[in-house]
Undergrad: 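Right, I'll just put the structure down here and ask away after.
For the numbers below, each heavy atom of this structure counts, side chains included, while hydrogens, waters and symmetry mates do not. Note that the coordinates shown come from a computational prediction; the quantities given were computed from them, not determined experimentally.
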Amino acid sequence: MINITFPDGNIKAFENPVSGLDVAKSISDGLARNCVAMKLDDDLVDLDATIDHDAKIKLITSKDPEGLEILRHTAAHVMAQAILRIYPDAKLTIGPAVEDGFYYDIDMAPVSEDDFPKIEAEMKKIIKEKLPVRRREVTKAEALEFYKGESYKLEMISDLDDGTISFYGQGEFTDLCRGPHVPHTGFTKNLKLIKVSGAYWRADPSKPQLQRIYGTAFFTKKELDDYLTFLEEAKKRNHRKIGQALDLFSFHEEAPGMPFFHPKGMEIWNALLDFWRLEHRAAGYVESKTPIMLNRSLWERSGHWENYRENMYTSAIDDIEYAIKPMNCPGGMLIYSHKPHSYRDLPLRVAEIGLVHRHELSGVLSGLFRVRAFHQDDAHLYMTPRHIKEEILGVLHLSERMYGAFGLGFQLELSTRPEKSIGTDEQWETATGGLAAALDAYGQEYALNEGDGAFYGPKIDLHIRDALGRMWQCGTIQLDMSLPERFNLYYIDKDNQKHRPIMIHRTIFGSIERFLGILIEHFAGKFPIWMAPTQAIILPINDDLVAYSTEVLDILKNAGLRVEIDSRTESLNKKVREAQLQYIPLILTIGGKEKEAGTLSVRTLDGNVKYGVSHQAFLDTVLSHIGNRELSLDMF
RNA sequence: GCCAGCGUAGCUCAGCUGGUAGAGCAACUGAUUUGUAAUCAGUAGGCCGGGGGUUCGAGUCCCUUCGCUGGCUCCA
């Protein structure tokens with residue numbers, strides 16, 4: 001007699017050893033059809049594994065996250081099988097499920113997306129055949145024998161513990177694999193190959209480069225279609241495309257990886273920074289600015305020369321070596337240590353929109369997301385240990401307000417002491433405890449990243465979630481136990497003795513360039529009116545109305561709006577179309593009726609038109625919308 | 001930095017296996033004076049990213065270099 005306990009506490013008894021599938025069938029046929037695997041006690045195993053003892057099991061279906069992972073893992077095998085059929089000389093390495101799908105790293109001649117239809121066609125065949133996926137256990141010696149000549153698999157097997165090794169196979173295909181897998185290949189029918197790229201064996205550039213083929217798979221066609229639609233949408237929102245279409249910024253060979261902001265881009269930039277300054281002033285920050293080029297000796301003192309030199313641009317003038325700053329902190333240290341500080345001055349919150357340059361590898365550059373020159377919305381907070389919690393809390397609240405202004409939610413992550421680090425246990429305890437206490441007081445859940453802190457201190461990272469659900473790490477709050485030491489920072493406490501201040505680096509936007517890129521994609525180019533480069537455009541319907549329209553233009557400009565006029569001799573339809581394509585939030589048409597009545601007809605981006613709006617009513621509405629930084633563009 | 005793909009007019013893109021460069025939009029000129037997503041006609045515009053090579057002949061093939069894109073890697 002075998003007693004099986006389900007997650008809800010129900011117990012079912014079976015006469016003889018049974019498989020997971022038997023258990024599922026005993027409940028319902030529908031369940032049996034939907035099951036892909038099971039959790040037996042605490043292990044994920046195949047559905048056809050035998051249960052021969054009292055156990056608790058959880059049947060894994062398409063509803064469970066684990067189910068999707070298993071499905072994708074099988075999909076990776078199906079892809080590998082198809083590839084081996086087409087390219088018999090290909091050598092398999094590893095093929096895991098990843099967040100958005102799966103990939104398989106294969107040693108083979110380079111393939112391109114043009115080869116996908118062929119591979120997918122072969123995969124379809126395998127899927128149609130609904131080949132059962134079978135597990136087989138062998139000894140290490142047998143496994144080594146099986147993979148004779150397959151250097152990658154041999155290497156992987158040698159790294160495994162002795163004992164049984166599992167193979168999974170379907171049809172003629174066999175692969176070294178821990179499993180589990182879905183019962184048969186038919187489950188993977190909703191799949192798609194996505195992209196291909198190079199990847200090194202074991203992520204080691206000295207090792208051979210493999211073809212990494214990415215794909216994704218879902219249980220239902222709808223989920224797959226939704227995901228493909230999401231990819232399409234992300235492509236449409238690509239900030240490089242929108243930046244080009246809206247004339248916001250450009251890149252040039254003369255300065256790879258360093259964006260050139262055009263006038264329209266600068267309007268957004270300035271709106272963003274005006275907001276930033278407003279919030280920071282209100283939060284008790286002062287602002288500083290430090291040079292971008294500083295003497296080598298400073299970088300030696302800060303430790304960057306030793307540890308970050310490859311990423312630094314340097315220059316020698318009059319035989320003196322300089323480096324262009326990759327970070328703002330050392331300059332900030334000089335300001336702090338320029339004069340003595342009393343405990344009464346603390347906490348001191350010194351912000352800096354600092355322009356930094358980092359020589360990133362050419363291959364990683366990517367629009368505004370990954371650049372070589374960018375501005376950090378940096379700040380250095382100096383405090384006594386008793387301030388830590390309150391100060392961190394202050395940064396969290398400030399971040400919440402600022403992200404909230406864009407409709408962005410965020411997640412928190414605390415990273416603790418890594419293996420290689422400076423400082424004493426006690427220092428780390430105070431520091432990490434301070435961050436954790438602040439997080440607890442803040443009240444939002446946070447993830448813990450053990451050992452992922454910087455070598456100089458623990459940190460909190462803030463990840464924002466954009467309109468498409470994508471996560472971006474922007475903010476960071478890092479406690480630094482190194483620089484105050486290296487720069488011998490101190491303050492005089494009540495006891496008239498020098499004490500070392502606690503120093504925190506923090507950013508909220510992170511890189512302003514990157515944040516702008518994120519915002520472009522988040523808003524799909526349709527910025528809220530307070531940020532929009534052009535907030536309104538006036539369209540006279542014929543040449544005779546240009547003079548009057550220009551008067552209206554001046555009224556609106558004087559009220560502080562960013563307004564343009566399109567006085568070209570073009571059809572109204574054309575001017576409306578172009579204004580819409582530029583995502584100008586308000587399109588103001590002026591014809592004879594408007595001139596006579598002293599009104600405006602207001603078209604919003606959704607295409608709705610409101611006629612007969614008085615100038616005053618228009619300004620009242622728009623200015624309050626801007627003043628409140630409303631996100632909605634639907635204001636008339 | 002590595003691998004793959006790409007680089008043609010201001011923009012978006014066409015140009016088959018090598019035969020001497022093309023469209024739409026934008027610009028300019030003229031006509032049209034327009035009521036909410038493209039009025040019509042004409043004109044001009046390119047050392048086909050740079051350099052080298054193969055060839056009678058290269059946008060097309062080869063080498064090299066720069067840049068971009070996707071990954072990898074790195075990220076004090």
Side-chain angles (χ1 to χ4, degrees), chain A residues 98 103 105 109-115 194-214 235 238 240-241 244-247 250-257 299 302-312 325-327 329-330 356 358-367 369-370 418 420-422 452-457 459 473 478 480 482-483 486 505 537 539-546 566-582 587-594 601-611:
Chain A
V98 290
Y103 68 79
D105 280 352
V111 291
S112 78
E113 292 185 18
D114 299 339
D115 300 311
I194 301 288
K195 63 193 168 198
V196 60
S197 75
Y200 300 106
W201 171 235
R202 305 243 140 134
D204 180 348
S206 69
K207 302 267 171 65
Q209 179 132 14
L210 312 167
Q211 298 297 309
R212 173 169 296 180
I213 305 175
Y214 288 89
K235 213 186 244 177
N238 188 307
R240 281 162 291 208
K241 217 178 239 181
Q244 163 75 24
L246 304 192
D247 197 18
S250 57
F251 286 91
H252 301 270
E253 286 197 20
E254 287 79 356
W299 302 108
S302 69
H304 288 84
W305 196 262
E306 194 188 338
N307 296 302
Y308 201 64
R309 178 139 161 60
E310 301 128 52
N311 286 308
M312 290 162 69
K325 66 177 177 181
M327 297 178 198
C329 23
V356 297
R358 296 180 183 176
H359 185 87
E360 302 287 356
L361 293 177
S362 58
V364 306
L365 301 178
S366 172
F369 286 163
R370 198 66 188 270
K420 268 176 66 180
S421 59
I422 61 149
D452 209 35
F455 79 93
Y456 51 75
K459 63 172 181 175
Q473 197 232 304
Q478 308 190 350
D480 191 329
S482 167
L483 286 180
R486 283 174 175 268
H505 313 253
I537 187 163
L539 310 182
I541 70 170
N542 64 42
D543 291 352
D544 295 337
L545 287 157
V546 170
D566 185 349
S567 49
R568 292 175 306 165
T569 308
E570 293 285 358
S571 70
L572 184 64
N573 281 336
K574 179 160 183 170
K575 295 201 246 189
V576 167
R577 173 182 154 84
E578 289 185 4
Q580 288 259 172
L581 290 174
Q582 286 293 304
I587 297 171
L588 311 175
T589 310
I590 295 186
K593 292 174 204 154
E594 283 75 20
S601 80
V602 185
R603 178 178 170 123
T604 39
L605 269 191
D606 52 17
N608 291 325
V609 184
K610 186 155 183 195
Y611 295 91

Undergrad: Got a sec, which residues hit side-chain hydrogen bond (donor to acceptor under 3.5 Å, both in side chains) with Q478(A), two or more places apart in sequence or on another chain?
TA: Y456(A), T476(A)

Undergrad: Taking the P atom in each of A14(B) and C6(B), what is the distance between them to the nearest angstrom?
TA: 11 Å

Undergrad: What's the spacing between L210(A) CG and Y200(A) OH if we round to 0.5 Å?
TA: 10.5 Å

Undergrad: Select base, sugar-phosphate, or nothing to describe what G457(A) touches, counting heavy atoms under 4.0 Å on all strands.
TA: nothing

Undergrad: Let me spell it out: for each of N311(A) and A255(A), pick the nucleotide of RNA chain B with the closest heavy atom. Which residue's pick is nearer the 5' end?
TA: A255(A)

Undergrad: Partner lookup for U36(B), please. Criteria are Watson-Crick or G-U wobble with both distances under 3.5 angstrom; report none if nothing qualifies.
TA: none

Undergrad: Atom CG of L365(A) and atom P of C2(B): how far apart are they, to the nearest Å?
TA: 14 Å

Undergrad: At what distance, to the nearest 0.5 angstrom, does CD1 of I590(A) lie from NZ of K593(A)?
TA: 14.0 Å

Undergrad: Restricting to side-chain hydrogen bond (donor to acceptor under 3.5 Å, both in side chains), what partner residues turn up for K325(A), sequence neighbours left out?
TA: T290(A), N328(A), E352(A)

Undergrad: Considering Watson-Crick and G-U wobble pairs with both distances under 3.5 Å, what does U43(B) pair with?
TA: A27(B)

Undergrad: So, is Y214(A) near the phosphate of A4(B), with a side-chain N or O under 4.0 Å from OP1 or OP2?
TA: no

Undergrad: What distance separates S567(A) OG from D543(A) CG, expressed to the nearest 0.5 Å?
TA: 8.5 Å

Undergrad: Does the protein touch nucleotides 26-38 of chain B at the base, only the backbone, or not at all? Give it as B, S and - per nucleotide, heavy atoms under 4.0 Å.
TA: S-----BBBBBBB

Undergrad: Work out how far the P atom of U17(B) is from that of C11(B), and round it to whole angstrom.
TA: 26 Å

Undergrad: Provide, to the nearest angstrom, the distance between the CZ atom belonging to R240(A) and the P atom belonging to C6(B).
TA: 18 Å

Undergrad: If the P atom of A44(B) is compared with that of C28(B), how far apart are they to the nearest Å?
TA: 16 Å

Undergrad: With sequence neighbours left out, what residues match S421(A) under side-chain hydrogen bond (donor to acceptor under 3.5 Å, both in side chains)?
TA: R417(A)

Undergrad: Please identify each residue that fulfils side-chain hydrogen bond (donor to acceptor under 3.5 Å, both in side chains) with S366(A), with sequence neighbours left out.
TA: R240(A)

Undergrad: With sequence neighbours left out, what residues match D566(A) under salt bridge (Lys or Arg N to Asp or Glu O under 4.0 Å)?
TA: R568(A)

Undergrad: Counting Watson-Crick and G-U wobble pairs only, both distances under 3.5 Å, name the nucleotide matched with C2(B), or none.
TA: G71(B)

Undergrad: Which is more 5' along RNA chain B, the nucleotide nearest R358(A) or the one nearest G257(A)? Just name the residue.
TA: G257(A)

Undergrad: Take the protein atom CG of D105(A) and the nucleotide atom P of C3(B), then report the distance between them rounded to whole Å.
TA: 16 Å

Undergrad: Roughly how far, to the nearest 0.5 Å, is the CG atom of L605(A) from the CD1 atom of I587(A)?
TA: 6.5 Å

Undergrad: Under 4.0 Å, counting only non-hydrogen atoms across every strand here, what does S366(A) touch: a base, just sugar-phosphate, or nothing?
TA: sugar-phosphate

Undergrad: Got a sec, which residues hit salt bridge (Lys or Arg N to Asp or Glu O under 4.0 Å) with R358(A), two or more places apart in sequence or on another chain?
TA: none

Undergrad: Collect all protein-nucleotide pairs involving nucleotides 48-50 of chain B in which both atoms are nitrogen or oxygen and the distance is under 3.5 Å.
TA:
none

Undergrad: Measure from CZ on F251(A) to C1' on G10(B) and round the result to the nearest Å.
TA: 19 Å

Undergrad: Write down the distance separating the C1' atoms in G22(B) and A9(B), rounded off to the nearest Å.
TA: 10 Å

Undergrad: Distance check: side-chain N/O of K195(A) vs OP1/OP2 of G70(B), anything under 4.0 Å?
TA: no

Undergrad: If I pick the P atom on G7(B) and the same atom on U43(B), what distance separates them, to the nearest angstrom?
TA: 30 Å

Undergrad: What distance, rounded to whole Å, do you find between the two P atoms, one in A21(B) and one in C25(B)?
TA: 23 Å

Undergrad: Applying the Watson-Crick and G-U wobble criteria at under 3.5 Å, what pairs with G7(B)? Answer none if nothing qualifies.
TA: C66(B)

Undergrad: Measure from CE on M312(A) to C1' on C75(B) and round the result to the nearest Å.
TA: 15 Å

Undergrad: R309(A): which residues meet the salt bridge (Lys or Arg N to Asp or Glu O under 4.0 Å) condition with it, sequence neighbours left out?
TA: none

Undergrad: Distances under 3.5 Å only, N/O to N/O: pair up the protein atoms with those of nucleotides 43-45 of chain B.
TA:
none

Undergrad: Starting at atom CD1 of I213(A), determine the distance to atom P of G5(B), rounded to an integer number of angstrom.
TA: 14 Å

Undergrad: Calculate the interatomic distance between K575(A) atom NZ and U39(B) atom C1'; express it in whole Å.
TA: 13 Å

Undergrad: State whether the distance check finds a donor on one side and an acceptor on the other, under 3.5 Å, for side chain Y308(A) versus base C75(B).
TA: no

Undergrad: Just do the side chain to side chain contact (heavy atoms under 4.5 Å, CB included) check on L588(A) and V602(A) with the steps written out, would you?
TA: CA-CA 5 Å; L588(A) 311 175; V602(A) 185; 3.9 Å; yes

Undergrad: Rounding to an integer number of Å, can you tell me how far E360(A) CD sits from C2(B) P?
TA: 16 Å

Undergrad: Under the rule for ring-ring contact (aromatic ring centres under 6.0 Å, His included), what residues qualify as partners of Y308(A), not counting sequence neighbours?
TA: none

Undergrad: Taking only the C1' atom of each, what is the distance from G57(B) to G18(B) in whole angstrom?
TA: 8 Å

Undergrad: Sort out the partner of C56(B) for me: Watson-Crick or G-U wobble, both distances under 3.5 Å, none otherwise.
TA: G19(B)

Undergrad: Considering residues at least two apart in sequence or located in another chain, which fulfil the salt bridge (Lys or Arg N to Asp or Glu O under 4.0 Å) criterion with R202(A)?
TA: E155(A), D159(A)

Undergrad: How far does the P atom of A41(B) sit from the matching atom of G24(B), given to the nearest Å?
TA: 10 Å

